[in-house]
Each structure stands twice: as C-alpha cells, then as structure tokens.
Amino acid sequence: MNQKKKNLIVFGTRPEAIKMAPLVKALQEKSDNFITKVCITAQHREMLDQVLDFFEIDPDYDLNLMKPNQNLYTLTADIITELKPILEDFQPDYVYVHGDTTTSMSASIAAFYSGAKICHVEAGLRTFNKLSPFPEEINRSIVGRVTDFHFAPTASSKANLLKENVPEDGIIITGNTVIDALNFSTKKVNDSEFVDDEIEQLKSIVDSSKKLILVTGHRRENHGQGFINICEALKEIAIINPDCDIIYPVHLNPNVQKPVYELLSGIENIKLIQPLSYPSFVWLMNLSYIIITDSGGIQEEAPSLGKPVLVMRDTTERPEAVETGTVILVGTDKNSIVDETQKLLNDTNAYTQMSKLHNPYGDGFACERIVNHILNTKNLAHQ
Ligand code: UD1
Ligand code: UDP
C-alpha cells in the first residue's frame with residue numbers, strides 16, 4: 001500500500017479559517033490517502049474560535065499567539081519560532097497556507113525552511129501597490145515566491161502569477177474556497193435541526209420596515225484618519241436617512257473599536273454590535289440592502305448574494321466584481337462614501353445594476369479541485 005501523504009493546514013485569522021474550513025473537511029474525508037493535521041496560530045482568538053465552533057474543527061496544534069494590539073514584528077517572529085517544533089515533529093509533505101495574512105506569510109517561510117511542499121490557497125491576488133493593502137500585498141507576494149502549488153481562484157489571479165514568471169504547471173485555477181464555505185453555511189443553516197441563538201437575537205434588532213446598511217471595516221491602512229472619515233460618513237448617512245438602519249459588527253482590533261465606539265455610539269439608527277459568527281453574518285448579508293466594507297472576503301461573497309458593495313479602499317485585488325458591477329471602490333473620503341450610498345438608496349436603476357446575482361469567484365468545488373490535484377501529485381517532500 002502507498003504511504004499516506006501528510007498535510008499540515010495552518011491558519012490564524014477569521015477569514016483564513018472561513019476559507020480553509022471546507023478544505024480541512026475535504027482533506028480529512030480522504031483519510032485513506034492523507035494524514036491531515038490542523039495548526040492554528042490564533043493570530044485572532046475570539047473571532048477565530050467563532051469559526052472553528054461553527055465548522056466543528058478541533059485543531060491538533062493551537063499556538064495561542066494573539067496579544068492585545070499586537071505588532072507585526074513579534075507576531076511574525078513568534079509564528080516562525082513556534083512552528084519549528086511542529087514541522088520537525090510531524091514532518092508534513094504539504095503545508096497549506098491561505099491568502100495574505102501575517103500567519104500565511106510566516107507559516108510559508110517556516111514551511112520552506114522545513115522542506116515541505118507549499119500549497120497556497122487563494123494565490124495570485126495582487127494590487128501591485130506595495131502599501132495597499134498593507135502589509136497584505138507584500139505578504140502574498142512573499143508566499144508566492146516559496147509556493148510549489150498556487151491554487152489561484154480566477155483567471156486574472158493566474159495571469160498575475162504568470163507576470164511574475166511563476167511556472168504555469170504550478171498554477172491551478174480552482175475558484176475561491178469562500179464559495180464552498182458559503183454553500184456549507186447556507187446548507188447547515190437551512191437544516192431544520194440547526195438552531196442559532198445569535199440569529200434569534202439579531203431578529204430582535206433588525207427592523208424589517210427599514211433598509212438595512214451592513215458595515216464592516218478593519219484595514220490597517222485605514223487606521224487613524226481613515227476610520228474617522230468612515231465614522232463621519234456613517235453618521236451623516238444615518239442622519240439623512242431615518243428610514244435606514246446601519247448595523248455594524250465592530251472588528252475587535254482596538255484601532256477600530258476606539259474610533260467607532262467614540263464617534264458612533266448613541267445614534268438611534270446605528271447599531272454597533274460584536275463581530276458575528278459566520279452563519280449569522282451570512283444571514284445578515286442576505287437581509288441587507290447595501291454593504292459598506294473594506295473587507296476582502298465580503299467582496300467575494302456579495303456577488304453570490306446579489307448585494308451591492310461599496311468598498312472603502314482605493315485599490316482592490318479582486319477586480320472581477322468591479323468589472324461585473326457589484327462592487328464600487330469609494331475609498332475613505334467622507335463625501336464619496338455618502339454620495340455613493342445616497343445614489344444607491346435613491347436611484348433604482350443604479351441599484352438594480354449593482355444587485356445582480358453572479359459568481360465570478362467560484363462554483364463551490366474549489367476544495368475538490370485542490371484535493372484532487374494533491375492526490376495526483378507524486379512527490380513527497382521528505383523522500
Ligand atoms: C488581520 C490580518 C488581515 C485580515 C484581518 C481579518 C495581518 C497583518 N492582518 O488583521 O490581513 O484581513 O486579520 O480580520 O495579518 N483582536 C481581538 N480578538 C480577535 C481578533 C483580534 O481582540 O479575535 C484584536 C487584538 O487586540 C489584536 C488586534 O485585534 O492584537 C489585531 O489583530 P491582527 O490579526 O494583528 O490584525 P487585524 O486587523 O485583525
Ligand atoms: N464575517 C463574519 N462575521 C462578521 C464580519 C465578517 O463571519 O461579523 C466574515 C465575512 O462573511 C467574510 C469574512 O468574515 O467571510 C471577512 O473577514 P474580514 O473582513 O475580517 O477579513 P478580510 O476578508 O478582509 O481579510
């Protein structure tokens with residue numbers, strides 16, 4: 001019998017967990033072929049645990065690294081140092097990292113030192129602007145340099161890698177695993193046995209007679225003046241539109257919590273709430289009229305739900321939804337955020353144009369493609 005291939009999946013933040021959860025399940029299902037272990041850095045803690053609970057993932061290793069208001073230097077160093085004994089002990093053939101976080105970048109470097117083959121899920125996203133998003137653009141470029149298997153979500157992400165002279169036979173277009181996660185979540189929530197206390201609580205704050213504007217934000221390059229502008233824009237939108245409710249699950253980063261709670265508390269039609277579990281957030285996205293965000297993942301989910309998204313950034317590495325019209329980049333200028341929101345609220349044609357259902361990011365079978373590719377790969381790292 002063939003030797004089983006050993007997989008180590010490493011992630012640390014909420015979005016990585018959401019997008020890696022279906023891959024964990026898909027690899028674990030192939031237990032005749034693989035020994036699969038999960039290592040969380042816990043770069044995020046509560047926001048990561050929410051996802052692990054929902055997807056019922058019990059990590060084999062928990063580095064438990066999150067510190068309040070952590071910095072990039074020590075987080076990077078800690079991840080590399082703490083992964084060393086795990087890599088030496090388990091000796092994985094394949095290490096899977098996702099996207100562009102500090103966890104992904106540091107884990108890919110550690111995996112490279114260990115001699116494992118590196119699998120990059122959500123490979124090839126680029127803005128080609130070193131500082132936007134910061135530090136993610138450089139993180140994903142570094143991961144790309146050490147990666148053996150680039151699982152690119154779209155043709156345009158593959159094209160970005162080819163521009164960087166990545167060999168074509170190492171690039172596999174899979175779609176984005178976020179759609180696999182979205183489908184998993186929708187199926188689980190629609191199961192008659194599924195009960196979610198958080199969704200029940202949310203029902204008491206959602207006013208169905210009003211249009212719902214859903215907001216999230218966290219990007220490092222928006223910390224400081226960017227968040228002040230965002231909050232001032234939201235305040236003005238709330239005042240001009242008493243027939244709308246803004247619901248804002250506030251990211252736990254203190255650089256976000258402080259300005260948001262200081263500037264937006266006490267406004268009647270702005271509801272500031274804790275970060276939501278994934279199924280509750282998907283439920284709320286489905287009810288929303290407009291989404292205003294600087295998130296990467298939400299830009300990918302919204303087209304599948306037919307929701308217009310105003311993105312509070314100057315650049316995006318996800319051009320597909322801009323091209324098909326679901327996403328508009330509004331930056332963090334107060335007037336742009338207010339003007340584009342008012343246009344969507346008052347111009348039915350503009351709204352209809354932006355709220356078409358489409359799936360530029362995948363068909364829900366990304367994980368199956370990744371697993372099949374690894375199953376058909378012959379080489380083992382440590383032979
Ligand atoms: C990180 C990622 C970013 C990703 C985002 C998703 C980096 C550099 N940044 O940014 O790419 O888009 O996650 O949300 O990798 N905190 C908590 N509890 C939590 C999570 C965070 O208290 O569950 C607080 C802590 O004080 C922590 C701080 O938020 O130190 C910042 O967390 P960090 O992961 O460094 O940055 P994010 O802005 O979350
Ligand atoms: N999300 C969530 N709860 C929330 C807000 C967002 O589960 O309260 C989900 C959202 O559906 C998406 C992901 O978190 O899948 C996006 O995470 P985030 O915006 O923090 O990171 P990014 O995608 O920008 O890296």
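The figures that follow rest on heavy atoms only: side chains count, while hydrogens, waters and symmetry mates do not. Atoms within a ligand are numbered from 1 in the order they appear, just like the ligands themselves. Fair warning: this is a prediction, and the values are worked out from it, not measured in the lab.
With 3.5 Å as the limit, one finds no donor-acceptor pair spanning the side chains of Asp333 and Asn229. A donor atom on one side chain and an acceptor atom on the other are found under 3.5 Å apart for Gln43 and Thr103.
In terms of protein heavy-atom proximity, atom 24 (O) of ligand 2 is closest to Gly296 N, 2.8 Å. Nearest protein heavy-atom contact of atom 15 (O) of ligand 2 is Glu301 OE2, 2.5 Å. Shortest contact from atom 9 (C) of ligand 2 to any protein heavy atom: Ile18 CD1, 3.6 Å.
Counting heavy atoms only, Lys67 comes closest to atom 27 (C) of ligand 1 of the residues Met105, Gln257, His223, Lys67. Around atom 17 (O) of ligand 2, the closest heavy atom drawn from His218, Arg14, Met47, Arg219 belongs to Arg14. Nearest to atom 39 (O) of ligand 1 by heavy-atom distance, out of His44, Gln70, His218, is His44. The closest non-hydrogen atom to atom 17 (C) of ligand 1, taken over Met66, Arg45, His251, comes from Met66.
The only option from Asp363, Thr174, Thr177 that meets the side-chain hydrogen bond (donor to acceptor under 3.5 Å, both in side chains) definition with Arg369 turns out to be Asp363. Looking at Thr101, Val10, Leu48, Thr102 one by one, the single match for side-chain contact (heavy atoms from CB on, under 4.5 Å) with Thr41 turns out to be Val10.
Distances between N or O atoms of Lys19 and those of ligand 2 include no value under 3.5 Å. Geometrically, ligand 2 and Pro275 share no nitrogen or oxygen pair separated by less than 3.5 Å. Between Met47 and ligand 1, at least one N/O pair is under 3.5 Å apart. Between His251 and ligand 2, no N or O atom pair is found at a separation short of 3.5 Å. Close N/O approach between Val178 and ligand 2 is not found [any backbone or side-chain N/O within under 3.5 Å].
Heavy-atom neighbours of Lys235 NZ from other residues, nucleotides or ligands within 6.0 Å: at or below the threshold of 12.
A heavy-atom separation below 4.0 Å is found between Arg220 and ligand 1. In this structure, Gln274 falls outside the shell of residues with a heavy atom less than 4.0 angstrom from ligand 2. Using a 4.0 Å heavy-atom cutoff, Asn139 is absent from the residues neighbouring ligand 1.
Salt-bridge annotation for Arg45 and Asp62: present, with a side-chain N of the basic residue lying under 4.0 Å from a carboxylate O of the acidic one. We find that Arg140 and Asp100 are joined by a salt bridge, their nearest charged nitrogen and carboxylate oxygen being less than 4.0 Å apart.
Close contacts of ligand 1 with Pro15, meaning ligand atoms under 4.0 Å from a residue heavy atom, involve 6 (C), 14 (O).
When non-hydrogen atoms are compared, ligand 2 lies under 4.0 Å from the backbone of Tyr278 as well as from its side chain. Under 4.0 angstrom from ligand 2, the non-hydrogen atoms of Ser295 come from both its backbone and its side chain. The proximity of Glu136 to ligand 1, defined as any non-hydrogen pair under 4.0 Å, is limited to the side chain.
Taking the six-membered ring for Trp and the full ring otherwise, the centers of His373 and Phe149 sit less than 6.0 Å from each other. Proximity of the aromatic rings of Phe151 and Tyr96 is defined here by a centroid distance below 6.0 angstrom, and this criterion is not met.
Cation-pi check for Lys84 over Tyr113 is not met; the charged atom does not lie both under 6.0 angstrom from the ring centroid and within 45 degrees of its normal.
Contact record, Thr326 with Lys356: OG1-O, 4.4 Å, taken as the closest heavy-atom pair.
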